[in-house]
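A quick write-up on the structure given underneath.
Each chain gets a letter, A, B and so on, in the order its sequence line appears, and its residues count up from 1.
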2 protein chains.
Amino acid sequence: MSQEMAAPSDPPSFTDPESPRGRLLRQAAHLFRDKGYERTTVRDLASAVGIQSGSIFHHFRTKEEILKAVMREAILVNTGRMRSRLEAVADTGEAVRTLVQCELESINGETGEAMAVLVYEWRSLSEASQAEILELREVYEGIWLDTLTRAKSDGLIEAEPFILRRFLTGALSWTITWYRPEGDMTIENLADHVMSMLKIPPA
Amino acid sequence: MSQEMAAPSDPPSFTDPESPRGRLLRQAAHLFRDKGYERTTVRDLASAVGIQSGSIFHHFRTKEEILKAVMREAILVNTGRMRSRLEAVADTGEAVRTLVQCELESINGETGEAMAVLVYEWRSLSEASQAEILELREVYEGIWLDTLTRAKSDGLIEAEPFILRRFLTGALSWTITWYRPEGDMTIENLADHVMSMLKIPPA
DNA sequence: GAATATACCTAGCAAGCGCTTGGTTTGTAA
DNA sequence: TTACAAACCAAGCGCTTGCTAGGTATATTC
């Protein structure tokens, strides 16, 4: 006789990538990015990790919860990395560059698929989940806005921090559609291009 | 006794917005943008235009063909408008500004919903349809690239036209997520911000 | 006034979907 | 050895989906 234990949902921290849950999240990010959330079935996801479709629901209560978890962990990882990189930086111009570089890495590095899912599959979240994820995003955006505001009062940039951040969000996130890390151009080169567009001189 | 006539697919030109097909396309753009293509059912679309779900297939052979038509007409309309506006412009800097302004209007004006669908629902097209739409996009992108290349050889911009165009694509298309035409900022203001970021002086 | 085309309706099929249920296997630790 | 939880399987339910079939109403054209 077996008893039902509710599938766990929001762990306090990151998921171990080698755990069954971690492998599931990685494959989910890949499939959701590749085919879109709605066009990815739980059967697709299950066979990608080599289990039966029903077994998914031992790890997550619903399909949507998988999507939410993918987004959640992506933001948490990238907010954390941004924070720790900023600690080593005093100069404001250098701080802006650090943020640009971090965001390019988020988008084009290991968490890239999850970040793309975050942008493209937003509407597939319920309103409750959207609010939950939005809260995490606001922490991330707060760091950006603080830094840009400092750059403005230091006279490094002319534009409104709000508007500049929005142009940057678009320009940087769009790199996922065309930038190929295996090509000639490095992420550092990319960041250089951005910085020269912003008229901020190298530190 | 009724005989089957295949539903029409690609008309030579634009669809009359007042025709049943036109109304369907407008509602489709709206719903696809609002809820996403996959989450919009033919029943949703039918009831939005006030007909039965089966009647949709009198006008389009498949649901995907509706998506394709939405994208097709959006590109055609905007390529046409861009072309005609450029005719009145000689100065290269002014030409760049015209393109920026046109694209902002495409994204935030009447065709905005269709343009958003073009960006967000790309993966819902079959490969064959993707190729078809890509051909139309390449005409549009050709105009951009010609103009930016001219601006570069005139010394107006420093960046590679290819890369600059990509940054611009991202930054401009992202405006749909935050810019509100009914607010204080006009599209001209927005274009001004972009031009100042590109260091191109007013004509 | 017969023929034809357009625009729609009613009813429903076949397939695919997320998810549930009840159970088995495997690993860990007392 | 027994106890127990985590990880998974096999089967399938109930519902929604895109789409089809066969028919009707109305307007236009010859």
A:Phe57 has its side chain closest, among C:dC19, D:dC8, D:dT20, to C:dC19
Rounded to whole Å, the CD1-C1' distance (B:Ile51 to D:dG18) equals 15 Å
Less than 6.0 angstrom from the centroid, inside 45 degrees of the normal: does B:Lys68 satisfy that with respect to the ring of B:Phe60?
no
B:Leu24 CG to C:dA7 P, in whole Å, measures 11 Å
(message) Can you classify the ring geometry of A:Tyr120 versus B:Tyr120 as parallel (below 30°), tilted (30 to 60°) or perpendicular (above 60°)?
(response) perpendicular
B:Arg39 CZ to C:dG18 C1', in whole Å, measures 15 Å
Separation of C:dT20 atom C1' from A:Arg61 atom CZ, nearest Å, is 15 Å
Of D:dA7, D:dG18, C:dG18, the nucleotide closest to the side chain of A:His59 is D:dA7
Base, sugar-phosphate, or nothing: which does A:Gln52 touch, judged by heavy atoms less than 4.0 Å apart? sugar-phosphate
Exercise for review: For B:Ser19, answer base if it contacts any base atom (sugar-phosphate contacts may also be present), sugar-phosphate if it contacts only those atoms, and nothing otherwise; contact means non-hydrogen atoms under 4.0 Å.
Suggested key: nothing
Atom CD of A:Glu65 and atom C1' of C:dG18 are separated, to the nearest Å, by 14 Å
Here the distance between atom C1' of C:dG18 and atom CZ of A:Phe60, to the nearest Å, is 16 Å
Separation between CE (A:Met82) and OG1 (A:Thr98), nearest 0.5 Å, reads 10.5 Å
Closest to the side chain of B:Ser53, out of C:dC8, D:dC19, D:dA7, is D:dC19
inquiry  = On the side chain of A:Arg43, is there an atom forming a donor-acceptor pair with the base of C:dG16 - under 3.5 Å, no angle test?
reply    = no
Using the ring of each side chain (for Trp, its six-membered ring), is B:Phe167 parallel, tilted or perpendicular to A:His193, with breaks at 30° and 60°?
tilted
Check: Using a cut-off of less than 4.0 Å, is there contact between a side-chain N or O of B:Ser55 and OP1 or OP2 of C:dC9?
Finding: yes
Smallest heavy-atom separation, B:Leu99 atom then B:Leu86 atom, equals CD2-CD1, 3.9 Å
- Remember a base hit wins even if backbone is also touched, and classify B:Thr41 as base, sugar-phosphate or nothing at under 4.0 Å, heavy atoms. sugar-phosphate
Between CG of A:Asp44 and P of C:dG18 the distance, given in whole Å, is 8 Å
Side-chain atoms of A:Pro20 come closest, of C:dC8, D:dA7, C:dG18, to D:dA7
Separation of C:dC19 atom C1' from A:Leu67 atom CG, nearest Å, is 17 Å
Ranking D:dA7, D:dG18, C:dC19 by distance to the side chain of B:Val42, first place goes to D:dG18
Against the side chain of A:His58, the closest entry in D:dT20, C:dC19, D:dC8 is D:dC8
